[in-house]
Amino acid sequence: MPHCIVEYSKNIEKELSPESLIKCIHQGAVDSELFEEASIKTRAIAFEYYQTGAGDMPFIHVNVKILQGRNHQQKKMLSEMMLNSLTKIARSPVSLTVEVVDIEKVSYRKTIL
């Protein structure tokens, strides 16, 4: 845990590789010191077709799914750290957003085969 899902507009790839986005977010989760690195899962999804507001401004949105139990301050710190990391590698104009979401322990299951 956590699951870090990076959604981004495909046109971002002109300046940023998917690998660099994944590394940036993965490192942000490590740097937060809230998780063991071995438990962090990071992946990226590109969107070719999208609309942001009244136009087509490029975007990067990070959804961080964590098991419930962290307090509001920890979640705030995590989202701020990841957003700050993105601001260092992204070029404007781009919309950057980060969302931290709780996963209920009662409904989450995991197995490794």
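Quick caveat, the model's predicted, so the values are computed rather than measured.
- Counting only distance, with no hydrogens or angles, the side chain of Glu80 and the backbone of Met77 share no donor-acceptor pair below 3.5 Å.
- Looking at Thr52, its side chain does come within 3.5 Å of a backbone N or O of Met57 through a donor-acceptor pair.
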- Apply side chain to side chain contact (heavy atoms under 4.5 Å, CB included) to the pair Thr97 and Val62, showing each step before the final yes or no. CA-CA 6 Å; Thr97 54; Val62 181; over 6 Å; no
- Task: Determine, step by step, whether Cys24 and Leu86 satisfy the side chain to side chain contact (heavy atoms under 4.5 Å, CB included) criterion, reporting the C-alpha distance in whole Å, the side-chain angles of both residues, the deciding distance to 0.1 Å, and the verdict.
- Result: CA-CA 7 Å; Cys24 173; Leu86 284 173; 4.2 Å; yes
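- The stretch residues 34-47 participates, sequence neighbours left out, in no salt bridge (charged side-chain N to carboxylate O under 4.0 Å, His left out) pair at all.
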- Task: I would like to know whether Gln74 and Leu78 meet side chain to side chain contact (heavy atoms under 4.5 Å, CB included); could you show each step before the answer?
- Result: CA-CA 6 Å; Gln74 290 170 314; Leu78 177 60; over 6 Å; no
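- Counting only residues at least two apart or in different chains, salt bridge (charged side-chain N to carboxylate O under 4.0 Å, His left out) contacts with residues 63-78 comprise Lys75-Asp102.
- Shortest non-hydrogen contact noted between Pro2 and Val64 is CB-CG1, 4.0 Å.
- A single hydrophobic cluster is not seen to contain both Leu67 and Leu34; linkage of ILVMFWY side chains at heavy-atom distances under 4.5 Å, directly or through other members, places them apart.
- To the nearest 0.5 Å, atom CZ of residue Arg91 and atom CD1 of residue Ile12 are 11.0 Å apart.
- Taken from CD in Glu7 to CD1 in Ile60, the straight-line distance is 11.5 Å, to the nearest 0.5 Å.
- When the side chains of ILVMFWY residues are joined at heavy-atom separations under 4.5 Å, either directly or via intervening members, Met81 and Ile66 end up in a single hydrophobic cluster.
- The distance from the OG atom of Ser9 to the NE2 atom of His61 is 13.0 Å, given to the nearest 0.5 Å.
- Connection of Ile22 to Tyr8 is not established within any shared hydrophobic cluster, with ILVMFWY side chains joined at heavy-atom distances below 4.5 Å, either directly or through further cluster members.
- Put simply, CG on Leu21 and SG on Cys4 are 12.5 Å apart, with the number rounded to the nearest 0.5 Å.
- The heavy-atom pair separating Lys10 from Glu48 by the smallest distance is CB-CA, 4.0 Å.
- Follow the hydrophobic side-chain contacts under 4.5 Å out from Leu96 and you reach Leu16 in the same cluster.
- Taking NE2 of His26 as the reference point, atom OG of Ser85 lies at 12.5 Å (rounded to 0.5 Å).
- A single hydrophobic cluster is seen to contain both Val98 and Ile89, as judged by linkage of ILVMFWY side chains at heavy-atom distances under 4.5 Å, directly or through other members.
- The shortest non-hydrogen separation linking Tyr108 to His3 is OH-NE2, 3.1 Å.
- Of the possible donor and acceptor atoms, none in the side chain of Glu13 sits under 3.5 Å from a partner among the backbone N and O of Glu15.
- For the pair Ser92 (side chain) and Val94 (backbone), a donor-acceptor distance under 3.5 Å is absent.
- In this structure, Glu33 places its CD atom where only 12 or fewer heavy-atom neighbours from other residues, nucleotides or ligands lie under 6.0 Å away.
- Between Ser20 and Ser17, the closest heavy-atom pair is OG-O, 2.7 Å.
- With values rounded to the nearest 0.5 angstrom, Thr42 atom OG1 is found 6.5 Å from Ile40 atom CD1.
- Under the rule for a ring-ring contact (aromatic ring centres under 6.0 Å, His included), the partners of Tyr50 that lie at least two apart in sequence or sit in another chain are Phe59.
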